[in-house]
Amino acid sequence: MKEGELKALLKELGLNKYEVNAYLTLIKQGPLTAGALASLSKVPQPRVYDVVRSLMSKGFVAITSDRPKKVVPIDPEKVLNSMEQNYVRKLETAKKELKAIYTPYESSREVIIVKSKAVLENYIKEAIKNAKYHLSIAIPNLLLKKVTPLIKARSREIAIDLFVYGTEQVPKVADKIRSRDVEDPIIAIQDKALGIYAPPETFKSTNRTLRGYALIIKDRNLLFMLDRYFYHALWPTGKLIYKKRGKLKLPKTYIHIRSLVEDLREYNLLGKKVEIIGRFVKSKEAVKLTGKIVAFFENEGKVVSNITVETEKGEKYVIGGWNSSLEDIEAELITLKD
């Protein structure tokens with residue numbers, strides 16, 4: 001190997017130009033005083049002591065204790081073996097840390113798979129921050145403590161249904177709060193835009209990676225199924241520990257018709273004016289209309305909810321919610337007017 005190639009390799013190992021020249025000179029000549037080293041290696045005299053100190057810190061040279069002191073090159077094999085071991089340790093550490101935060105992306109069904117606790121926690125916080133109208137969230141008390149300030153701040157602007165796993169006292173930070181001791185999956189549903197599903201044991205261990213994996217869901221059909229699971233399988237199993245009371249503030253926008261029907265019944269709002277934004281169920285054409293609520297319906301299991309709206313022209317439409325199939329219109333947004 002030519003000396004120029006050897007110098008290039010040493011630079012790749014982290015030595016600068018002067019360090020390379022000084023070390024190669026010592027390897028060839030043996031121990032030298034600082035002055036002799038500067039002269040033979042072409043390292044400027046004012047820089048030689050800094051160069052020697054740097055080579056010492058990197059394990060390439062040592063200093064004798066006799067007089068005059070000399071700079072001694074360390075056996076290259078020992079030096080490079082030590083560097084190799086240190087490099088492998090750093091690689092293993094980097095591999096472990098990167099694996100802990102790596103989020104592979106599964107694009108075919110708009111689902112992101114998450115293995116890192118930190119990444120999952122960030123997705124949950126972002127879902128709380130980004131909700132425009134409604135947030136459904138089921139989390140353990142341990143995680144609730146971390147996101148309580150966020151939920152409290154958002155509860156002034158959006159509707160929040162909170163389900164808490166645990167026996168500790170829960171702060172009144174949502175419109176409705178239910179709880180139970182037995183844990184089930186961690187869930188967050190931001191409007192109809194994003195859903196999060198994670199194993200119950202996610203935040204119990206001290207590991208940075210999840211046992212199993214969490215799902216970040218953007219697919220509309222999967223989101224609908226997650227919403228159904230939250231409200232028809234999980235929500236009824238918790239004990240209602242808080243419900244916000246007081247006068248209904250209008251106008252109010254709903255993305256879930258079940259929430260509107262609940263308010264219609266509780267506040268006796270038949271005849272109120274509403275604005276509907278959605279699409280016709282059969283033709284899929286977009287529609288926006290205004291009218292008054294003349295009737296509402298909800299079956300015994302609260303699976304089917306709808307309202308009947310009469311426009312100023314006397315036309316009546318049955319308005320359903322998410323994935324409506326039996327009604328005239330599937331509503332995306334329903335605004336109850338003052």
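This is a predicted model, so every value here is computed, not measured. Along the sequence shown, residues are numbered consecutively beginning with 1.
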Task: Side-chain ion pair, Lys58 and Glu19, N-O less than 4.0 Å - done: yes
(request) Look at Asp263 together with Lys252 and state whether they make a salt bridge at an N to O cut-off of under 4.0 Å. (result) yes
Distance col, row Tyr133:OH vs Lys192:NZ, nearest 0.5 angstrom, shows 11.0 Å
- Using the side chain to side chain contact (heavy atoms under 4.5 Å, CB included) rule, take Arg279 and Glu285 through it: C-alpha gap first, then chi angles, then the decisive distance, then the call. CA-CA 5 Å; Arg279 62 174 185 166; Glu285 291 180 5; over 6 Å; no
Check: Going through the distances and angles, do Leu15 and Lys11 end up as a side chain to side chain contact (heavy atoms under 4.5 Å, CB included)?
Finding: CA-CA 5 Å; Leu15 301 187; Lys11 287 179 181 178; 5.6 Å; no
Are Tyr87 and Leu13 linked, directly or through intermediate hydrophobic residues, by side-chain heavy-atom contacts shorter than 4.5 Å (ILVMFWY only)?
no
**Request:** Kindly determine whether Glu157 and Lys132 satisfy salt bridge (Lys or Arg N to Asp or Glu O under 4.0 Å), including the steps that lead there.
**Result:** CA-CA 8 Å; Glu157 304 164 337; Lys132 293 181 179 179; over 6 Å; no
Do Leu144 and Val170 make a side-chain contact, defined as non-hydrogen atoms from C-beta onward lying under 4.5 Å apart? yes
Check your understanding: With the 4.5 Å side-chain cut-off for hydrophobic clustering, are Val72 and Val48 part of the same group?
Key -> no
message = Could you check whether atom OH of Tyr49 has more than 12 heavy atoms from other residues, nucleotides or ligands sitting under 6.0 Å from it?
response = no
Minimal heavy-atom distance between Gly59 and Ile74, with the atoms involved, is O-CG1, 3.7 Å
Going through the distances and angles, do Ile187 and Ile196 end up as a side chain to side chain contact (heavy atoms under 4.5 Å, CB included)? CA-CA 5 Å; Ile187 296 173; Ile196 298 169; over 6 Å; no
task: Decide, yes or no, whether a salt bridge links Arg220 with Glu332 under the criterion of side-chain N to carboxylate O below 4.0 Å.
output: yes
CG of Leu142 to CD of Glu183, rounded to nearest 0.5 Å, is 9.0 Å
Worksheet entry | Worked check of side-chain hydrogen bond (donor to acceptor under 3.5 Å, both in side chains) between Gln190 and Asn130 | CA-CA 7 Å; Gln190 171 203 325; Asn130 294 333; 4.7 Å; no
Next item on the list: Indicate yes or no for a side-chain donor-acceptor contact from Asp191 to the backbone of Ala193 under 3.5 Å, with no hydrogens or angles considered.
Entry: no
Contact check, side chains of His256 and Glu262, non-hydrogen atoms, under 4.5 Å
no
Can we say Glu5 and Lys2 salt-bridge, meaning some charged N sits less than 4.0 Å from an Asp/Glu carboxylate O? no
Note: Pro171 and Ile177 closest approach over all heavy atoms is O-CD1, 3.4 Å
To the nearest 0.5 Å, atom CG of Leu226 lies from atom CD1 of Ile189 at 4.0 Å
**Message:** Regarding Lys146 and Glu121, does a basic nitrogen lie under 4.0 Å from an acidic carboxylate oxygen?
**Reply:** yes
| task | State plainly whether the residues Lys282 and Glu327 are in salt-bridge range, i.e. N to O under 4.0 Å. | result | no
- Query: Is there side-chain contact between Val88 and Gln85, with at least one heavy-atom pair below 4.5 Å?
  - Reply: no
Exercise. Is a side-chain N or O of Arg178 found less than 3.5 angstrom from the main chain of Lys239, in a donor-acceptor match?
Worked result: no
Besides Ile334, the hydrophobic cluster formed by Ile, Leu, Val, Met, Phe, Trp and Tyr side chains linked at under 4.5 Å, directly or via other members, contains Leu248, Leu250, Tyr254, Ile257, Leu260, Val261, Leu264, Tyr267, Leu269, Leu270, Val274, Ile276, Phe280, Val287, Leu289, Ile293, Phe296, Ile307, Val309, Tyr317, Ile319, Ile329, Leu336
Here the gap from Arg67 atom CZ to Thr33 atom OG1, rounded to the nearest 0.5 Å, amounts to 13.0 Å
Query raised in the report: Do the charged groups of Glu3 and Lys7 touch, with an N to O distance under 4.0 Å?
Result: yes
Within-4.5 Å side-chain heavy-atom neighbours: Ile112 and Leu215: no
Membership question, hydrophobic clusters at under 4.5 Å side-chain separation (ILVMFWY): are Leu6 and Val51 in the same one?
yes
What verdict does the salt bridge (Lys or Arg N to Asp or Glu O under 4.0 Å) test give for Lys244 and Asp175, after you've listed the backbone C-alpha separation in whole Å, the side-chain angles of each residue and the deciding distance to 0.1 Å? CA-CA 5 Å; Lys244 188 181 290 184; Asp175 294 87; 3.6 Å; yes
Using a 4.5 Å cut-off on heavy atoms from C-beta on, say whether the side chain of Ile137 contacts that of Asp161.
no
Residues Ser259 and His134: closest non-hydrogen pair is OG-NE2, 4.4 Å
Hydrophobic cluster identity match, Ile255 and Trp235, side-chain contacts under 4.5 Å: no
Q) Is Val281 reachable from Ile277 through a run of I, L, V, M, F, W or Y residues, each pair having side-chain heavy atoms under 4.5 Å apart? A) no
For Met56 and Ile63, what are the C-alpha separation, side-chain angles and deciding distance, and is it a side chain to side chain contact (heavy atoms under 4.5 Å, CB included)?
CA-CA 8 Å; Met56 285 180 64; Ile63 302 293; 3.4 Å; yes
Tightest non-hydrogen contact, residues Pro185 and Pro200, listed as N-CG, 3.9 Å
In terms of relative ring orientation, are Tyr23 and Phe60 parallel, tilted or perpendicular, with 30° and 60° separating the classes? perpendicular
Output for pair (Lys273 NZ, Thr335 OG1), nearest 0.5 Å, gives 11.5 Å
query = Taking the six-membered ring for Trp, is the centroid-to-centroid distance between Tyr229 and Tyr231 below 6.0 Å?
reply = no
Tell me yes or no: between the side chains of Glu168 and Asn141, is some donor less than 3.5 Å from an acceptor? no
Q.
Tell me whether Thr64 contacts the main-chain N or O of Lys70 through its side chain, where contact means a donor paired with an acceptor under 3.5 Å.
A. yes
Whether Ser82 side chain and Lys78 backbone form a donor-acceptor pair below 3.5 Å: no
Review point. Does Arg180 reach the main-chain N or O of Val164 with its side chain, forming a donor-acceptor pair under 3.5 Å?
Key: no
Just by distance, do the side chain of Ser155 and the backbone of Lys152 share a donor-acceptor pair under 3.5 Å?
yes
Without swapping roles, check the side chain of Ser41 against the backbone of Leu37 for a donor-acceptor pair under 3.5 Å.
-> yes
message: Taking the basic N atoms (NZ, or NE/NH1/NH2) and the acidic carboxylate oxygens, is any pair closer than 4.0 Å for Lys95 and Glu92?
response: yes
Q: Check whether any side-chain heavy atom of Leu162 lies under 4.5 Å from a side-chain heavy atom of Lys176, and answer yes or no.
A: no
Q. Judged by atom type as modelled, is there a donor-acceptor pair below 3.5 Å linking the side chain of Asn306 to the main-chain atoms of Val318?
A. no
- Message: Does Arg47 qualify as a cation-pi partner of Tyr18, given the criterion of NZ or CZ under 6.0 Å from the six-membered ring centre and within 45 degrees of its axis?
- Response: no
| message | Could you tell me if the side chain of Ile128 sits less than 4.5 Å from the side chain of Leu135, heavy atoms only? | response | yes
Taken to the nearest 0.5 Å, the spacing of Ser179 OG from Phe163 CZ works out to 7.0 Å
Distance-only, no hydrogens or angles: does the Lys243 side chain make a donor-acceptor pair with backbone N or O of Leu240 under 3.5 Å? no
Side chains of Ile186 and Ile124 in contact at under 4.5 Å (non-hydrogen atoms)
yes
Exercise. Could you go step by step and tell me if Glu330 and Lys284 meet the salt bridge (Lys or Arg N to Asp or Glu O under 4.0 Å) rule?
Worked result: CA-CA 9 Å; Glu330 176 188 349; Lys284 310 302 180 185; 5.9 Å; no
